[in-house]
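Everything below concerns the one structure shown next.
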Amino acid sequence: MPVHYSCFKNPFEENFQEIIWKDGLPFSNKYHDRFFQDDAVSEVTNIFIEPNQLLERIRNSSQICIGELGFGLGLNFFVTAKFWFENNKDLNSHNLEYLAIDEAFPTKAQVLKLIRNFPDLEEICNIFLDSYDLTHNDTKRIYFPSLKIRLTLIQNDVESGLKNLLGLKNNQINAWYLDGFDPNKNKSMWSNSVFQYINFLSSRNATFGTFTSAGFVKRGLEKFGFEVNKVKGFGKKRHKLIGSKSFDASHASTQRNKKKKIGIIGTGIAACSVAYAAVQNGSDVEMFESAESIAAGASGNPVAAMYPRFSVNNSPYSFLTAQSYFFAEKLYKQMPNAYKNTGLLFTHSNNYQEEWIQDIKNLNRDDLFQILDKKEMEKLYGFKSDGLLVKKGGYLFPKLICREMTAHPEIKITLNHCFDKWSKNGSKLDIEFLNQEKKCAYDDLIIANGPSLEKYLSGLKISKGQLVGLKGDQSIDLNLPVNSAGYILPKLENITWIGSSHEKEYEDIQVSYEVGAELIKRINKNFKTDLISEPDILMEARLRTGSKDRLPLAGKIEENVYAIGALGSRGFSLGPILGEHIASLINNTPSPISSGIAIAIEPLRFKD
């Protein structure tokens, strides 16, 4: 398994800024240093915005990717966001990419207290707080469409955070904000390793600004490829350092990202997730579906639930599971017609489930999880076992989710097109179909058609999954999904859906009432209930795609061709973040997952 570096024991460990407030202004209790000088907005402009030539880059419509070391209370971001919004008049421009690393992040209360001193930043701050949450550490991706800003927050020590960016060509920074505290008090941020990683992650004409003028910082940056200038400092500071990676006369790149034409094969949750992310980057998207309607495969069930089976360790998969789940949950909450934010309930029917609930309890995250004893479970939900309520999450209507994700004027959906292959046509791609004329001149192609990926990739495992729908009143009638070696979903149109079977060997995709009867029997045993299956039942059968190592697939398979799939039973949790990852690779912008995770889910990893 590739390495994912973290200073945390698990994704749910918390670490907040330790602040002392003096005359309404924040001081770091850990580093015994102030966060900024009295005229903070002018300070940010002088130390970071001007040395990084942001105004020139905006006027040139250059792609801007800022890397900040030391997010603090977010003031640099708020000032930069306001500057960008006021000066970026090109409605068709790409997004401002802003990536920030810090081991401790502020609480919402701390940000609100800070912003009282800066009324001109209040509007920007409120936009930020509407999307900001502290559910997990590591990487958080937030998109602000009204500002055209994509913010990537990485909660980690600086060295680990930078190491997790190495290895992906799209993780390139062209404007650095080096804003750790006093180098003599925060030496871990100003080490030679950090300077080396900054060099590796810098684009050809990257620039930087920092408040410090310390000699060892200057020498370290020069050692790793930067031209460094010691110039007049801001306010009470005598000097500061500014510079660039290259010796070009013009540090600000004038290269513009062209609008891309992207073809996507499939219309399930994986395909829709890529389409949703791609249009946020300004691409034109055309999706091709072999059936007569969208989401005709595994994403076509009448109802589904999110699946928060978190791993409580520091493995790459543990961080991916937490990050993807909460990213998806935040996205779906914007679609109230398609998603019901009810929470999810777990009961335990075996020792493994009981141990997992105990592990969650030991996290002490009462904001996310509620532990229920047998008395509470029976009183609230009718189950005679201990339980766990996951407060964030719920159930959704898959086809509605897919429709809402693709309800964009730049997304075109073409039905009844059975994908066959692609071919190169100069710098473009042509897409060929078994039953239709080929489509031409695409910049990029994403294959996201579930089990059909098996034609192009090795290492996939296809299984058959069946759901049972029980009509009428049942002994369990809850308004939230419940899990225990199977699941029971809330009643929909007087039908209670339960699932699911997992058939590694199957002859066809037809429903099997024998399998349905076994599923009802298993659910009744695990939940200690008595679901009624008379006089008849409804059934749905779908193919589920996984992989040999149980990890999803997402990444490049050849130049300008990508694949995403093998999401297994976690499709609606994994899809959105992996779609964002694919879109980042295409658009050459920072990925929302670490390079270690990206390597772990690389789609060609099973190739002989």
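Counting begins at 1 with the first residue of the sequence.
- One finds no salt bridge joining Lys391 and Asp367 here, because no Lys/Arg side-chain nitrogen approaches an Asp/Glu carboxylate oxygen to under 4.0 Å.
- For the side chain to side chain contact (heavy atoms under 4.5 Å, CB included) test with Glu410, the passing option among Ile262, Val285, Val279 is Val279; the others fail.
- Listed by first then second residue, pairs satisfying ring-ring contact (aromatic ring centres under 6.0 Å, His included) with a partner in residues 186-212 read Phe208-Phe226, not counting sequence neighbours.
- Within a 6.0 Å radius of CD in Glu222, other residues, nucleotides and ligands contribute more than 12 heavy atoms.
- Atom NZ of Lys187 has 12 or fewer neighbouring heavy atoms from other residues, nucleotides or ligands inside a 6.0 Å radius.
- Atom-to-atom distance recorded for Ser160:OG and Phe8:CZ is 10.0 Å, nearest 0.5 angstrom.
- Counted within 6.0 Å of NZ on Lys223, heavy atoms from surrounding residues, nucleotides or ligands total 12 or fewer; the atom is thus considered open.
- Heavy atoms of other residues, nucleotides or ligands lying less than 6.0 angstrom from CD of Glu122 number 12 at most.
- Contact check on Asp120 versus Lys82 returns no salt bridge, with no Lys/Arg side-chain nitrogen under 4.0 Å from an Asp/Glu carboxylate oxygen.
- Using modelled atom types and a 3.5 Å distance limit, the side chains of Tyr143 and Asn95 yield a donor-acceptor pair.
- Classification of the Phe118-Phe36 ring pair by plane angle, with boundaries at 30° and 60°, yields perpendicular.
- Listed by first and then second residue, the side chain to side chain donor-acceptor pair (under 3.5 Å) pairs that reach into residues 164-177 are Thr80-Tyr177, Trp176-Ser202, sequence neighbours excluded.
- The ring-ring contact (aromatic ring centres under 6.0 Å, His included) contacts involving residues 11-34 comprise Phe12-Phe310, Phe12-Phe369, Tyr31-Phe181, where partners must be two or more places apart or lie in separate chains.
- Using modelled atom types, one finds a donor on one side chain and an acceptor on the other under 3.5 Å when comparing Arg150 with Asn281.
- Taken from CG in Leu445 to CD in Glu559, the straight-line distance is 13.0 Å, to the nearest 0.5 Å.
- Atom NZ of Lys412 is surrounded by 12 or fewer heavy atoms from other residues, nucleotides or ligands within 6.0 Å.
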